[in-house]
Protein chains: 2
Amino acid sequence: MPVFLDATAPDFKAAFETLLTAKREDSPDVDEAVARIIADVRARGDDAVIALTQTYDRLALTPETMQVSEAEIAEATAAVPAEEMRALELAADRIREYHARQTPQDEQWTDATGATLGWRWTPVAAAGLYVPGGLASYPSSVLMNAIPAKVAGVPRLAMVVPAPDGVLNPLVLAAAQLAGVDEIYRIGGAQAVAALAYGTDTIAPVDKITGPGNAYVAAAKRRVFGKVGIDMIAGPSEILVIADGDNDPDWIALDLLSQAEHDESAQSILITTDMALGRDVYEAVGTRLQTLERRAIAGASWRDFGAIIVVPDLATAAALSDRIAPEHLELCVADPDALSAQITHAGAIFLGQWTPEAIGDYVGGPNHVLPTARSARFSSGLSVLDFLKRTTLARMTPGALRSIGPAAETLARTESLEAHGLSVTARLNKLND
Amino acid sequence: MPVFLDATAPDFKAAFETLLTAKREDSPDVDEAVARIIADVRARGDDAVIALTQTYDRLALTPETMQVSEAEIAEATAAVPAEEMRALELAADRIREYHARQTPQDEQWTDATGATLGWRWTPVAAAGLYVPGGLASYPSSVLMNAIPAKVAGVPRLAMVVPAPDGVLNPLVLAAAQLAGVDEIYRIGGAQAVAALAYGTDTIAPVDKITGPGNAYVAAAKRRVFGKVGIDMIAGPSEILVIADGDNDPDWIALDLLSQAEHDESAQSILITTDMALGRDVYEAVGTRLQTLERRAIAGASWRDFGAIIVVPDLATAAALSDRIAPEHLELCVADPDALSAQITHAGAIFLGQWTPEAIGDYVGGPNHVLPTARSARFSSGLSVLDFLKRTTLARMTPGALRSIGPAAETLARTESLEAHGLSVTARLNKLND
């Protein structure tokens, strides 16, 4: 049974705390197994990757068949029905347009001392994209990871996707093609992450790895972090809907269920100012759960982690939302912009009742890779910035050095770093010759 | 003996590879000890912090004396000599001006379908700054970490700094005061990181922790990552100088030694097109090492990890530099801008012979917290962005949903996520009523 809470009740604080801190995921401890796999790939390269793919995916590869060929990609793409291809293209175009606006500017200026200062952004030289196989092999995730990399200007984007028993999702290949992925390898698991990070004879190493995956993939990403950059380690998905009384309960119910159907560990919460709407949504969820295809998963998530919270006003709703720091936040209220202005911590905000969260998963434009597990308090969704790095620039003139050099000499002395100070002194002496 | 390499020699490739992959740091494995300390602080809060501070810093604290009082800060600041205070102020002003330019813009626009899209940036609610004690207690690091946080608008900035035997560096307190730090606690080590991440009765938890520290601090930051955000885990410092023949060998020698004096694990490399300059710098380093205060440290670093590489041309120098992806890169050449344009991977570039790297450590303006150990391939120095997070925004109109909703329905169907599709369908049905 999902919890049904009244924010004005005396026991609310404790109940809300329980909701916030519920442990929703028991990751199996696969760290030792992953350490062995990574060491094996580092030592034996392609041979290790091929052996592990045989074991885990029941697929016999050679260095020659590891990479998906252009002919295979073309064949898969040709087999995608026209309507689906058009939908993918619309999504890709909208994601590309949104992310193109994120490209940051280089800056350079000269200050009053004559010093020229600034910075410039450059893309990583090569990025790797992990795509899960099987049920969670989502073409939309390919677009959401690959397009920001290509907008950033990453010249080489290598994708790995496991092909259990040799099967690949044609839509995933089509999405990769659309997004401009340069290489696709039919490998997965920790061995694929290790191959991307350290390279093999067949797969050149990359500098950054992004994309979702199971516990093995997550543990492997943690382990190769430092050798390469990684994106976040995503937890199970979450949605918070804040709604006033003027809503269709069935719409809200479907929005809650669209997170719940992802994963038994997903969490869907409704905060409403209207007790009657809360009850109606509760009913509507029950009704929809009778027929939903993924009712087993969605039902378990709703039962174990779902919640409906009734609040006296929207200000209370905003305050509770910031405590939750939700991955997805829907504001189904008369003035969503005003409520949005009261929110500080959220991965993505969906404004108004015509903006179901599912739009953001596919075609809205913003990225659907978002911070989970309250990490929106300190982190952001995937963006073009994840595939760029900044180099700072400084150029002194003799005049600038004369102006600010003595302060550097003083501070170097206070920190007992003599050579630091002398490197300035030697130059100032030359100016005073 | 530092290596002296000729880039045109047949064995150069192997020798350069050895230089690139030299293991410069043997971190002691303190992970188990750190795990115990964190668990202790989570379980016992202030009591654990106080007990651990007694053990490691030989300092008896109470919850009341854990925080450095305003009177102590005022007294320390008053004791700082005027010249040193002016130098700190000049540094703080320049760092603030540089970082203020990094503040990103919020964006919002309406597209052709009528959908409103955008994003906004907000600061983390609270940040924690770790400052090492003892020899490495640098006031410049306080400025470099605290000022970007305050420029970002972080409302609460809590600093921790160990006080071994009760001793604090007055300049560190003065720098914290100048930078706008809100709270200072005289604690350090893994226990301080745990207190910042999880909170105690005395110290409220923060959302993001930055700042350098020893192996215990680094391991603690890795462990609390996810619960809070962290900055990079910094390795030993590095400098690469690219110089043509028209340079004073003593200036270059001092620039190389200003990294070497930080740490026996630091690395200083010169790449030059002029064999004679290479030899003269080698001589000059030897001469300076006879008298330098920190000659034991600088000498060990130069002996074990120093290198001089002679190249046939600057294009070769740029290519080698990108392989190294240096933390600090000095371009002491006639046209540093032209050479800079050939470089892709570097934390900070110092242009021309009047820009010693030490200027960047103190008063240049750019941050001195920079990516080490070749991580400039995929990461950037500390900036205002490290203390901000982005919330994406989307608002559909009925018209926008009619325009792009069907593509979302199609993609949801291909991913077998029925509720996702139905949340769009229910709304489109209403429009078609």
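Hydrogens, waters and symmetry mates play no part in the numbers below; they use all other heavy atoms, side chains included.
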Interchain contact, [X] with chain A, by part (heavy-atom threshold 4.5 Å):
| X | result |
| --- | --- |
| Ala376(B) | backbone |
| Asp207(B) | both |
| Ala115(B) | side chain |
| Thr391(B) | both |
| Leu171(B) | side chain |
| Leu90(B) | side chain |
| Pro139(B) | both |
| Thr425(B) | neither |
| Ala91(B) | side chain |
| Asp111(B) | side chain |

How close do [X] and [Y] get, counting heavy atoms only, and between which atoms?
| X | Y | value |
| --- | --- | --- |
| Met396(A) | Thr355(B) | N-OG1, 2.8 Å |
| Ser383(A) | Arg390(B) | CB-NH2, 3.2 Å |
| Pro123(A) | Thr344(B) | O-CG2, 4.4 Å |

Contact between [X] and [Y] at the side-chain level, heavy atoms closer than 4.5 Å - yes or no?
| X | Y | answer |
| --- | --- | --- |
| Phe387(B) | Phe378(A) | no |
| Ser423(B) | Ile359(A) | no |
| Ser380(B) | Lys389(A) | yes |
| Trp119(B) | Asn367(A) | no |
| Ile349(A) | Thr392(B) | no |
| Glu409(B) | Tyr362(A) | no |

So how far is it from [X] [atom1] to [Y] [atom2], rounded to the nearest 0.5 Å?
| X | Y | atom1 | atom2 | value |
| --- | --- | --- | --- | --- |
| Arg294(B) | Glu418(A) | CZ | CD | 10.0 Å |
| Asp337(B) | Gln108(A) | CG | CD | 6.5 Å |
| Glu97(A) | Trp109(B) | CD | CH2 | 9.5 Å |
| Ile404(A) | Arg94(B) | CD1 | CZ | 4.0 Å |
| Thr414(A) | Leu88(B) | OG1 | CG | 7.0 Å |
| Leu117(B) | Tyr98(A) | CG | OH | 7.0 Å |

Is there a donor-acceptor contact under 3.5 Å from the side chain of [X] to the main chain of [Y]?
| X | Y | answer |
| --- | --- | --- |
| Ser258(A) | His420(B) | no |
| Arg395(B) | Phe350(A) | no |
| Glu84(B) | Thr410(A) | no |

I'd like to verify something: which residue of [options] has the highest number of heavy-atom pairs under 4.5 Å with chain B?
| options | value |
| --- | --- |
| Leu417(A), Ile343(A), Leu257(A) | Leu417(A) |
| Ser375(A), Ser140(A), Gly352(A), Ala127(A) | Ser140(A) |
| Lys208(A), Glu89(A), Gln102(A) | Gln102(A) |
| Arg377(A), Arg101(A), Arg86(A) | Arg101(A) |
| Met232(A), Arg222(A), His345(A), Gln259(A) | His345(A) |

Let's test your reading of the structure: which of [options] forms the most heavy-atom pairs below 4.5 Å with chain A?
| options | value |
| --- | --- |
| Gly347(B), Gly364(B), Ala298(B) | Gly347(B) |
| Val228(B), Leu411(B), Thr113(B), Leu422(B) | Leu411(B) |
| Val124(B), Ile252(B), Leu385(B), Asp255(B) | Asp255(B) |
| Lys227(B), Arg288(B), Gln105(B) | Lys227(B) |
| Glu107(B), His262(B), Lys430(B), Glu357(B) | His262(B) |
| Pro398(B), Gly381(B), Ala407(B), Gly421(B) | Pro398(B) |

### Message
I'd like to know if Asp248(A) pairs up with Arg427(B) as an ion pair, taking the criterion as any Lys NZ or Arg NE/NH1/NH2 lying under 4.0 Å from an Asp or Glu carboxylate oxygen.
### Response
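Here Asp248(A) does not pair with Arg427(B) in a salt bridge, since their nearest N and O are not under 4.0 Å apart.
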
### Query
Should Arg413(A) and Glu83(B) count as an ion pair when the cut-off is N to O under 4.0 Å?
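Looking at Glu83(B) together with Arg413(A), the answer is yes, because their closest N to O distance falls below 4.0 Å.
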
### Task
Side chain from CB out, backbone as N, CA, C, O: work out which of these in Ala341(A) comes under 4.5 Å of a heavy atom of chain B, or both, or neither.
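The backbone, not the side chain.
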
### Among Pro336(B), Ser340(B), Pro366(B), side-chain contact (heavy atoms from CB on, under 4.5 Å) partner for Leu393(A)
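Per the side-chain contact (heavy atoms from CB on, under 4.5 Å) rule, the option paired with Leu393(A) is Ser340(B), out of Pro336(B), Ser340(B), Pro366(B).
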
### Criterion side chain to side chain donor-acceptor pair (under 3.5 Å) on Glu293(A) and Ser416(B), from CA distance to verdict
CA-CA 8 Å; Glu293(A) 284 164 16; Ser416(B) 301; 5.6 Å; no

